[in-house]
Visitor: 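Quick one: the structure is below, questions incoming.
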Number of protein chains: 4
Amino acid sequence: MNIHSYIMARTVDNSKLEGIKQNAIKLIVEKGYGGASISNIAKKAKVAEGYLYRFYKSKEELVSDLLNSKISEIADNLEESIQKSDSFAKIIELLVHGIFEMAEKSSNDIKFLYVMMNDYSFSISSTIKDRIALLCKELNEKGKSLSQIEETISDEEIYMFLVIYPIQFINLRFKKFFGNSKWTNSDIERVIAICNKSLKSN
Amino acid sequence: MNIHSYIMARTVDNSKLEGIKQNAIKLIVEKGYGGASISNIAKKAKVAEGYLYRFYKSKEELVSDLLNSKISEIADNLEESIQKSDSFAKIIELLVHGIFEMAEKSSNDIKFLYVMMNDYSFSISSTIKDRIALLCKELNEKGKSLSQIEETISDEEIYMFLVIYPIQFINLRFKKFFGNSKWTNSDIERVIAICNKSLKSN
Amino acid sequence: MNIHSYIMARTVDNSKLEGIKQNAIKLIVEKGYGGASISNIAKKAKVAEGYLYRFYKSKEELVSDLLNSKISEIADNLEESIQKSDSFAKIIELLVHGIFEMAEKSSNDIKFLYVMMNDYSFSISSTIKDRIALLCKELNEKGKSLSQIEETISDEEIYMFLVIYPIQFINLRFKKFFGNSKWTNSDIERVIAICNKSLKSN
Amino acid sequence: MNIHSYIMARTVDNSKLEGIKQNAIKLIVEKGYGGASISNIAKKAKVAEGYLYRFYKSKEELVSDLLNSKISEIADNLEESIQKSDSFAKIIELLVHGIFEMAEKSSNDIKFLYVMMNDYSFSISSTIKDRIALLCKELNEKGKSLSQIEETISDEEIYMFLVIYPIQFINLRFKKFFGNSKWTNSDIERVIAICNKSLKSN
DNA sequence: TATGAATGAGCCTTCATTCAT
DNA sequence: GATGAATGAAGGCTCATTCAT
């Protein structure tokens, strides 16, 4: 095997794996975990049923990995937002925009996150949970040291507003609970404003 | 047949249906919709598998009814809170306490609500959705007429804070995401304070 | 209990049993043996499910009895036709008319007979089978002694023409295999003519 | 993979599907549609239960296909008999022999046909029904143009004698209604003679 | 007598998973 | 690597039958 074919193989491979992942997410969102059969996922990803088992040893592992990887994206987003900013307001802005971008780019991803995070049968790996908790703590401390967030705010509340609130908002829109689906820039600004108002010291 | 046995019969009957409902909720929370098999539900409820079909014509109907009935409890709670109060702060207080009480009385119910509301494969009946939207609107108008909530607040945001936030908070605790499970009275007061701060005019 | 109520009871009783029988026949014809559930039969007969088991110890027994009783009607018809006639042609005429009348009076009965006779999972009691065979033999002998049927005709052929042929013809019509459903008097005459032509000596 | 194993693979494969078909037919004949469970069919065919669903999307489809395919054999038989013959008597001879051969080769097939054709819950595809009706018409016209069958004979009567009569006769024998099971060559000749006598002009 | 609640075996079907090719 | 035939456990659901009332 020469370099060329090696690169080809890798390319083909990754696109196939990516197809599996995306269709798994899509089907789980649409039909739930039980409704997303391996057979359907494979069919939509144009891959043989058995192929999937080269990467994951079970359906559960596939979904678990997917959940952890998508949550990690949120954590990455959080981390970057912290690193890139010097004020608490800036962090919120970056983070919330980041989450909305994720929703814009792939609505299924954010729906998937929404569905899977709010569940007792699947759970996020404790490593990632710890990472997120730590980032919330760091953010909280930073905000307080800058006197930009209220003293009484807990790490948990940081998480509630910066992670849960945007995800819930976006999915409420997807579900058209209050009629309007999707969102405008002013909706995003509004979410940012709410977070600011709720957390910041006055 | 005397009165006693009559009452017994009725009691036994209702307790069977109640057992089905509660064990369905419990199993769905623990294992998800797919993981909660009719066979398991029946076994735990100490009832024959087929018996369940006297009340519901399918598993889906059972779960749908359960979801709608639990959501209705929240709506009832909301409605009562509005009726019993004369200030916006009082409404929030009653409502949030009501939700925590529900969680206290039956943690599975609030977990079930959390799991099922955050899902794309099951949905709340539009009647109940409309009812809740209307109550949020009413509440918003009332709050604004009393100048107790900010002018920019939407009905949707009322819903986000008064319904979503408490449910998310409670389940975050159940999941021990930030270490501590359960909650104290001061946690409840804190949730109320957050809602007030976030919504009220200043 | 006085005579009046006794008669009443019997009357009610028989009508209920009759309802069970007729609805069983109807449902079996429409949906097959498996599709005719005791629950459905009872519902249509306006009787409790368990009531049926006062008369028959199983669903199979019910259907078996029904089959034998309807076959017996054919046998009775055959017997009467023989007794009432002095020529072979007259017998055929009476018998065929009798079968068409049965179909006219209750299409379900003749359909039921058609469905159940052509089956390997249910069978006619050997007593009735013997009775019919005997009647065919008697008829054959009578026809031959009168030199009205061909010498080579067997008892079996008598049965094929006098019982099977009319039943098959009627049901072919019910099924509209050749377009036309139901029949006219001339269709009946035609069946009689065919039987005569096929069996009689020339 | 060599040619031999290739052939083997194909053989095994077809034999599995064939096993499913034959055992389905056998069990339906023995126990009726409801009594022939997928589980039993699969067990007898030495195949996993689920395997069946690679070929048919439901039990009903399996049985429907089987019925239509067996009826088609009769239609093929009819068609060939017409094509190969120049006289009406020859057609009858070929056709009746063909049906008896089918019964000889696989008694279950003819029993299955007998059971399923005489039923109101399953029905032959209208395409095949039309084809048979057309063949009967063709046969009738041919016979009449040759002055070999009576003017009054209808297409329906052609069907009654050439298709129904032999099938009914064979199954009457299988059921030993008149004692004797199976048949001899002279029985076959007798069926042919009856058909001729009944239909032909004199 | 008559009911219908309650049972549980068994049905059809789906689907995660394995493995020979 | 990649396929998809084949498996069989388990799922939802139906239904004949029993029995307390």
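Chain letters run A, B, ... following the sequence lines, proteins first, then strands; residues in each count from 1. Worth knowing before you read on, the calculation uses all heavy atoms, side chains too, and leaves out hydrogens, waters and symmetry mates. If you're wondering where the values come from, they're calculated on a predicted model, not measured in any experiment.
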Visitor: Hey, does A42(B) reach any base, or is it just sugar-phosphate, or nothing, if we go heavy atoms under 4.0 Å?
Guide: nothing
Visitor: Send over the distance from E60(A) CD to dC15(E) P, rounded to a whole Å.
Guide: 17 Å
Visitor: Over how many whole Å does the gap from L52(C) atom CG to dT18(F) atom P extend?
Guide: 12 Å
Visitor: Under 6.0 Å between the ring centres of F174(B) and Y120(A)?
Guide: no
Visitor: If I take atom NZ in residue K59(A) and atom P in nucleotide dA9(F), what distance separates them, rounded to the nearest angstrom?
Guide: 19 Å
Visitor: I need the single residue from L52(D), V47(D), I28(D), I25(D) that forms a side chain to side chain contact (heavy atoms under 4.5 Å, CB included) with I41(D). Which is it?
Guide: L52(D)
Visitor: Are any of R54(A)'s side-chain N or O atoms less than 4.0 Å away from OP1 or OP2 of dG1(F)?
Guide: yes
Visitor: Identify whether NZ of Lys or CZ of Arg in K21(C) sits under 6.0 Å from the centre of the six-membered ring of Y56(C) and within 45° of that ring's axis.
Guide: no
Visitor: Among the nucleotides dA2(F), dT3(E), dT17(F), which one has an atom lying closest to any side-chain atom of E49(C)?
Guide: dT17(F)
Visitor: When all nucleic acid strands are considered with a 4.0 Å heavy-atom cut-off, which category describes I38(D): base, sugar-phosphate, or nothing?
Guide: base
Visitor: For the pair K129(A) (side chain) and S123(A) (backbone), establish whether a donor and an acceptor sit closer than 3.5 Å, ignoring hydrogens and angles.
Guide: no
Visitor: Taking OP1 and OP2 of dT13(E), is either one under 4.0 Å from a side-chain nitrogen or oxygen of Y53(D)?
Guide: yes
